[in-house]
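Each chain gets a letter, A, B and so on, in the order the sequences are listed, and its residues count up from 1.
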2 protein chains.
Amino acid sequence: MDQAVIADEQFTPRQQAVLDCALQLLVGGGEKGLTTAGLARAANCSKESIYKWFGDRDGLLAAMIAHQASKVRAGADNAHAMDGGQFRSYLTDFAHDLLDVLAGDVSLALNRLAIGQASRSESRLGRLMVERGRRRIEARAMALLEAGKRRGHIRYQDREAVYHTFYGLIVRDLHVRMLLGEAGVRRPEQFAEMAEEAVAQFFVLFGTDTPAD
Amino acid sequence: MDQAVIADEQFTPRQQAVLDCALQLLVGGGEKGLTTAGLARAANCSKESIYKWFGDRDGLLAAMIAHQASKVRAGADNAHAMDGGQFRSYLTDFAHDLLDVLAGDVSLALNRLAIGQASRSESRLGRLMVERGRRRIEARAMALLEAGKRRGHIRYQDREAVYHTFYGLIVRDLHVRMLLGEAGVRRPEQFAEMAEEAVAQFFVLFGTDTPAD
DNA sequence: CGACTAGAGTACCGAACGGTACGGTACGGC
DNA sequence: GCCGTACCGTACCGTTCGGTACTCTAGTCG
């Protein structure tokens, strides 16, 4: 039953507006900034409607995650006729997009929320977070890497392992530090440079010696 | 005033026992599992004592972080007369220790707590977490890397950058996924292998061509 | 022995919040 | 005109929890 709510991202426009409002509140005040009463006041709706639409508070949070996840673009990977320079450029784009997403206000707030709840309740929100958000990005990267391997730009054995290494080179410890709220860590103006550096290191590790670039 | 409490890790043995008990409760039930009444009951002390010792709930949390941080061994880096094999071995030990620490129950619970609070309250706990826990590990790694560079085992320009890359190679996205409670991510039996792989990749990126190993 | 202190145990208060119930209102179909 | 539906606004309830006050016990020191 809640599965239906979660799996279906066809929310009413009205409901989507409420969810956006909820995200805004969450970004503003953290988990305790998001109360049903507060949301009802901010979104000009009634608490009863919230409970009717989303079941309970957990359902609301799940809906927020699903709604937000439906907004991140998957990123088109046009892997046809891709020379070395293009492949490198696609990887760099992916890295940059990943950093942008992880550093976003809403992403940080939702991740904080899911992590805060991860200890109790069998981490239902955490699973949702991973499946809805992370898997999509992962799929995009995997496809890209596979294409690069097929065309001989990179070589590797384990697809999962190489992806995780790539991720590590891009994100490092940035994500956790941003989640912890460390000041001066979010520097979007450096993301381009960081992305290029990560890709350069990635090619050192997995690139073939074809003078692709 | 709270500064005094935070900066001073000389807690009474009794107080340390209470803090340990609090950590246990936190590990067991997440943030909501740790209430002052519950702690008083579990630790056989009175709420009033808790408030007298730690000020308020935030002070208690800060004390817990400080107390836990004081328990992680910094790791002796005996960098004297270190040949290539030893250096590599030290790096692998560091990587393994890092994975062990991050995957620990108490570490995960405290990080979840700090991250959950990071949005509000100017992320005081987050800062504490970084300064108390992260910086120590960072310092150990930095010293190790510097020693390795001085002896010609590795080469690099920016100390910070190379450390962060090393961290990324070791941890990848494991930490966040563990924080999210993803099932099947914590595999301590694989940490040794992962550490060696990370170090191998690290040497590909930053190692000199001296046949050290 | 008597005064003092630390601390356990408990009772209590007030605020916040999740969740429910109810009255009022606009709208669309019959 | 009438009914059903959806929904807003608000009042309300029960619980939880942080924080405070008070009492009683045990140990210490003069």
Have a look at B:Arg41 and say if it touches a base, only the backbone sugar-phosphate, or nothing, with a 4.0 Å heavy-atom cut-off.
-> nothing
Taking NZ, NE, NH1 and NH2 as the nitrogens, is one of them in B:Asp93 or B:Arg88 under 4.0 Å from a carboxylate oxygen of the other?
-> no
Carboxylate-amine/guanidinium proximity below 4.0 Å for B:Lys149 and B:Glu146 | no
Side-chain N or O of B:Ser46 closer than 4.0 Å to phosphate OP1/OP2 of C:dA8 = yes
Taking only N and O in the side chain of A:Trp53, is any of them less than 4.0 Å away from OP1 or OP2 of D:dC7?
-> yes
Compare every heavy atom of B:Tyr163 with every heavy atom of B:Glu138, then report the nearest pair and how far apart it is.
-> CG-CE2, 3.4 Å
So, A:Arg132 versus A:His67: side-chain donor-acceptor pair below 3.5 Å or not?
-> no
Do nucleotides 13-28 of chain D as a string where each nucleotide becomes B, S or -: B if the base has a protein heavy atom under 4.0 Å, S if just the sugar-phosphate does, - if no protein is that close.
-> ----SBBBBB------
Taking the six-membered ring for Trp and the single ring otherwise, decide whether the centroids of A:Tyr156 and A:Phe206 are under 6.0 Å apart.
-> no
Side chain B:Gln16, main chain B:Phe11, donor-acceptor under 3.5 Å | yes
Side-chain donor-acceptor pairs of residues 34-46 of chain A under 3.5 Å, sequence neighbours excluded:
{"from": "A:Thr35", "atom 1": "OG1", "to": "A:Gly38", "atom 2": "N", "distance (Å)": "2.9"}
{"from": "A:Ser46", "atom 1": "OG", "to": "A:Ser49", "atom 2": "N", "distance (Å)": "3.1"}
{"from": "A:Ser46", "atom 1": "OG", "to": "A:Ser49", "atom 2": "OG", "distance (Å)": "3.0"}

In whole angstroms, how far is the C1' atom of C:dA8 from the CZ atom of B:Arg14?
-> 9 Å
Would you please test A:Asp173 and B:His175 for side-chain hydrogen bond (donor to acceptor under 3.5 Å, both in side chains) and show each step?
-> CA-CA 9 Å; A:Asp173 62 347; B:His175 198 195; over 6 Å; no
Positions of residues 21-30 of chain B (non-hydrogen atom under 4.0 Å from DNA chain D), listed by number | none
